[in-house]
Amino acid sequence: KTQTTSRGGVLKASEPGDFQGYFTLTYYCACQKCCGKTNGITAWGTKATAGRTIATSSKYAFGNKLVINGYTYVVEDRGGAIKGNKIDVYVDSHSEALKLGVKRDVPVYIGK
């Protein structure tokens, strides 16, 4: 399984690296309700892309790759409510974010 990023890169299902712990996943989109803005530009200056973009606490530097459920995501965003073991996963729509809800106790690994 692969996903093509907006920059032309391909993210593949990955073998996980070092275990980071169990995290709570929430989902967000580029709408006013989720972000307070609607331009879809991340804190790192990239265009948020479903299947690639995640928001974490400052524990992880921009550009770090994390493996979640076998897929590699890139830390491209931050959020004021993201503390500790919480990750926001970018999706394409507000309805999708609501549908996915909250996932608890998800194992997360550093990407190789």
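When reading the values below, keep in mind they use all heavy atoms of this one structure, side chains included, and skip hydrogens, waters and symmetry mates. What you see is a predicted model, and the numbers here were worked out from it, not measured in a lab. Numbers here simply count residues along the sequence, with the first being 1.
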### Message
If you compare all heavy atoms of V102 against all heavy atoms of R104, which two are closest, and at what distance to 0.1 Å?
### Response
CG1-NH1, 3.7 Å
### Message
Using the rule given for side-chain contact (heavy atoms from CB on, under 4.5 Å), can you reason through E76 versus I54, listing the C-alpha separation, both sets of side-chain angles and the distance that settles it, and then say yes or no?
### Response
CA-CA 6 Å; E76 296 182 332; I54 54 174; over 6 Å; no
### T42 OG1 to W44 CH2 distance, which is reported to the nearest 0.5 Å
8.0 Å
### Task
Report the distance from atom SG of C34 to atom CG of L98, rounding to the nearest 0.5 Å.
7.0 Å
Would you say [Y] ends up clustered with [X] if hydrophobic residues are merged whenever their side chains have heavy atoms under 4.5 Å apart, either directly or through other cluster members?
X: V91; Y: F23; answer: yes
X: Y71; Y: V108; answer: yes
X: L100; Y: Y90; answer: no
X: I110; Y: V89; answer: yes
X: V74; Y: L66; answer: yes

### Task
Decide whether T38 and Q32 meet the rule of one side-chain donor and one side-chain acceptor closer than 3.5 Å.
no
### Query
Can any side-chain N or O of S57 pair as donor or acceptor with the backbone N or O of K59 at less than 3.5 Å?
yes
#### Entry: Axial cation check for F62 ring with R78, 6.0 Å and 45° limits
yes
### Task
Quickly, which of Y109, F19, Y73 forms a side chain to side chain contact (heavy atoms under 4.5 Å, CB included) with V67? Name it, please.
Y109
#### Entry: Crowding at NZ, K99 (>12 non-hydrogen neighbours, <6.0 Å)
no
